[in-house]
2 protein chains.
Amino acid sequence: MDSGTGAGADGPNYVEATQKSLTVLRYLKEHGPATLSEIASGTDSAKSTVYRHLQTLEEAGYLVETDDGYRIGQLYLDYGIEAQRSHPLYEVGKPKVDALAEKVGEKVWLVVEENGYAVYLYLHSGEELYRSFTRVGYRGHLHAFSAGKAILAQMSKSEVNAIIDRRGLPAYTDQTITDPKTLFAELDRIRQQGYALHLNEAVDGGNAIGVPIQHEDGSPAGSICVAGPAHRLNESYLRDELSDLLLGTKNEIELSMRYEA
Amino acid sequence: MDSGTGAGADGPNYVEATQKSLTVLRYLKEHGPATLSEIASGTDSAKSTVYRHLQTLEEAGYLVETDDGYRIGQLYLDYGIEAQRSHPLYEVGKPKVDALAEKVGEKVWLVVEENGYAVYLYLHSGEELYRSFTRVGYRGHLHAFSAGKAILAQMSKSEVNAIIDRRGLPAYTDQTITDPKTLFAELDRIRQQGYALHLNEAVDGGNAIGVPIQHEDGSPAGSICVAGPAHRLNESYLRDELSDLLLGTKNEIELSMRYEA
DNA sequence: CCCCGTTGTTCGCGAGAGTGAAACTTTTGT
DNA sequence: ACAAAAGTTTCACTCTCGCGAACAACGGGG
């Protein structure tokens with residue numbers, strides 16, 4: 001799912017020992033529980049080296065040793081929920097997202113940009129059961145989903161280019177935009193109509209609509225997004241009905257950001 | 001809230017650079033957004049040192065630079081939700097906890113032990129609004145709450161002593177057991193009656209009841225816990241009504257663990 | 001019951017990475 | 001426009017980190 005840069009950037013401005021520890025943690029997150037030997041061969045490091053990293057990380061709570069090897073620790077959940085709750089958009093956006101989800105009865109997402117990725121910060125499920133492949137905390141490329149494109153549309157061309165350089169434009173499905181020129185045209189369209197659509201691009205065949213949330217100066221704060229199965233969220237329903245509701249919620253959130261802070 | 005060991009254990013088996021990175025991250029989690037200079041003075045390190053750690057951690061997604069300084073990144077949420085969902089008890093315990101919460105209309109928790117702490121893995125809120133100071137991902141000492149005591153009660157004396165040595169017995173309120181002897185007597189009582197009570201010990205003046213969940217071999221897998229305001233969850237209601245319901249759920253979960261794995 | 005293959009832990013050494021002080025640059029506030 | 005503070009880069013020294021090898025602890029099979 002990642003571009004596969006491996007261990008991370010090097011140079012004199014990075015701490016390699018830390019990078020090695022984080023590589024171990026990422027290996028465990030992606031592969032599930034693993035033994036010392038597995039991790040050592042999976043990360044191309046000496047057993048003794050991995051051993052010391054594991055000791056350090058366990059002592060700090062970042063991982064746990066169980067019957068079937070080492071696993072990611074619930075300390076991440078502690079830090080993660082803290083990060084979620086203390087995000088500037090969360091407190092302001094959550095009640096509005098909840099209200100919108102109750103009204104439309106579909107999944108509504110609150111999405112922000114971080115490290116060049118779209119991060120799904122919060123979800124209200126609404127009534128309908130709809131199994132999306134996304135979940136809270138999910139990180140994906142900005143260009144591949146409506147919520148991310150809504151965020152990109154608020155950025156300057158150079159900012160978008162910086163993100164393309166950093167994260168690339170990988171294809172999630174055969175509908176994904178993988179060409180910068182096409183992407184910029186799409187972002188123009190989004191700016192004009194005020195919302196981003198996502199039709200059959202997702203791996204699960206669902207549709208979605210995303211609307212940007214902006215700071216007072218026009219810089220992107222995030223986006224809200226309604227997602228669901230294509231048969232219920234067809235294009236005309238998205239364009240004619242949902243877009244107005246989302247734009248209303250967008251305005252409410254932007255007002256709250258200004259006067260409740 | 002922590003015993004305050006600071007940076008972590010040292011010795012030849014630990015990676016100090018990693019510990020320094022994790023110290024920076026913990027500082028940010030506990031103090032909220034902070035600038036380079038603040039972090040440097042707050043962690044007793046040179047600015048240039050902290051600088052390189054921050055670069056490394058940001059590049060890896062563990063933190064983000066914003067207007068008001070560096071903050072914990074939502075990558076923690078990604079890893080944390082993953083850790084939660086993939087925990088052995090989560091998949092099995094969640095549906096049963098949900099069912100119990102619907103029935104009793106109170107908050108029901110799923111709690112596990114990790115690194116010598118009680119970790120609140122999952123919550124179903126039930127109907128009633130009750131603002132507990134706990135939240136998903138919270139880590140606290142095992143001896144200070146009913147859920148944790150229910151877990152301790154399933155451990156051998158030496159295991160309990162090991163945890164006392166590691167984490168101590170700090171007082172959360174004036175009702176907290178801070179003496180090993182008293183604690184072991186309490187654990188005996190819990191083993192006899194099958195559940196742990198928590199009356200007015202918590203900082204928020206709430207009551208709670210915790211019931212252990214055990215593996216087939218008797219070792220502790222975690223516990224379930226109902227918590228709420230003391231006026232609704234008085235002692236006789238906990239003992240006479242809730243305890244049976246909880247013990248029923250406990251059995252369901254233990255059965256699922258055996259035959260659905 | 002012992003042997004052997006594997007996994008986990010300890011040891012010792014050399015390279016080079018991490019550290020902090022200080023110089024330098026940029027930003028902020030007045 | 002200036003001063004003060006924050007952030008970034010440079011540099012030399014030291015000690016950590018990483019590796020390989022040796023050692024110990026299992027565990028399964030003959």
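Both backbone and side-chain heavy atoms feed into the values below; hydrogens, waters and symmetry mates do not. Here is the naming used below: chain letters follow the sequence lines, and residue numbers restart at 1 for every chain. No experiment lies behind these values; they were computed from the predicted model shown.
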Report summary line: Walking DNA chain D from its 5' end, the first of A/Asp44 and B/Arg52 to be reached, judged by nearest nucleotide, is B/Arg52
For nucleotides 24-30 of chain C, give me every protein contact, N/O to N/O, under 3.5 Å, one pair per line with atom names.
none

Query raised in the report: How close or far is atom C1' of D/dG27 from atom CG of A/Asp67, stated in whole angstroms?
Result: 16 Å
Requested in this report: Before accepting this row, confirm whether a basic side-chain N of the pair A/Lys20/A/Glu16 lies closer than 4.0 Å to the acidic partner's carboxylate O.
Outcome: no
Requested in this report: Pick base, sugar-phosphate or nothing for B/Thr35, based on heavy-atom distances below 4.0 Å to the nucleic acid.
Outcome: sugar-phosphate
Report summary line: side-chain contact (heavy atoms from CB on, under 4.5 Å) with B/Tyr51: of B/Gln55, B/Lys47, B/His53, only one passes, and it is B/Gln55
**Report entry** Under-4.0 Å side-chain N/O to phosphate OP1/OP2 contact, A/His53 with D/dC17
**Finding:** no
Report task. Could you tell me whether the side chain of A/Ser48 has a donor or acceptor atom within less than 3.5 Å of a complementary atom in the base of D/dG18? Result -> no
Query - A/Tyr79-B/Tyr79 aromatic ring centre distance below 6.0 Å - result: no
Query raised in the report: Taking atom C1' of C/dT7 as reference, at what distance in whole Å does atom CD1 of A/Ile39 sit?
Result: 12 Å
Requested in this report: Determine whether the side chains of B/Thr178 and B/Thr176 contain a donor N or O and an acceptor N or O closer than 3.5 Å.
Outcome: no
Requested in this report: To the nearest Å, give me how far apart CD (A/Glu16) and C1' (D/dC19) are.
Outcome: 14 Å
**Report entry** A/Ala46 side chain, from C-beta outward: closest of C/dT9, C/dG20, D/dC19
**Finding:** D/dC19
Report summary line: Here the distance between atom C1' of D/dC17 and atom CG of A/Leu57, to the nearest Å, is 14 Å
Query raised in the report: Base, sugar-phosphate, or nothing: which does B/Lys20 touch, judged by heavy atoms less than 4.0 Å apart?
Result: sugar-phosphate
Query raised in the report: Please give, in whole Å, the distance from C/dG8 C1' to A/Leu36 CG?
Result: 6 Å
Requested in this report: Nearest 0.5 Å please: distance from the CG atom of A/Asn251 over to the CD1 atom of A/Ile213.
Outcome: 10.0 Å
Report task. Return the 5'-most residue of the pair A/Tyr14, B/Asn13 with respect to DNA chain C, ranking by each residue's nearest nucleotide. Result -> B/Asn13
Report summary line: Of D/dT8, C/dA17, C/dT10, the nucleotide closest to the side chain of A/Tyr51 is C/dT10
Query - Distance test, side-chain N/O of A/Ser45 to OP1/OP2 of D/dG18, below 4.0 Å - result: no
Query - B/Asp67 atom CG, over 12 foreign heavy atoms within 6.0 Å - result: no
Query raised in the report: About how many Å separate CD of B/Gln84 and NZ of B/Lys94, when rounded to the nearest 0.5 Å?
Result: 9.0 Å
Query raised in the report: Any idea which of C/dT7, C/dG18, D/dT8 is nearest the A/Val15 side chain?
Result: C/dG18
Query - B/Glu65 CD to D/dG7 P, straight-line distance once rounded to whole Å - result: 8 Å
Query - Value in whole Å for how far the C1' atom of C/dG18 lies from CG of B/Leu54 - result: 15 Å
Query raised in the report: How is B/Thr49 classified with respect to the nucleic acid when contacts are heavy atoms under 4.0 Å: base, sugar-phosphate, or nothing?
Result: base
**Report entry** Closest listed nucleotide, where the reference is the side chain of A/Ala17 and the choices are D/dG18, D/dC19, D/dA6
**Finding:** D/dG18
**Report entry** Mutual orientation of the aromatic rings belonging to B/His141 and B/His143 [parallel < 30°, tilted 30-60°, perpendicular > 60°]
**Finding:** perpendicular
Query raised in the report: Considering only C/dT9, D/dG7, C/dA17, which nucleotide approaches the side chain of B/Lys47 most closely?
Result: D/dG7
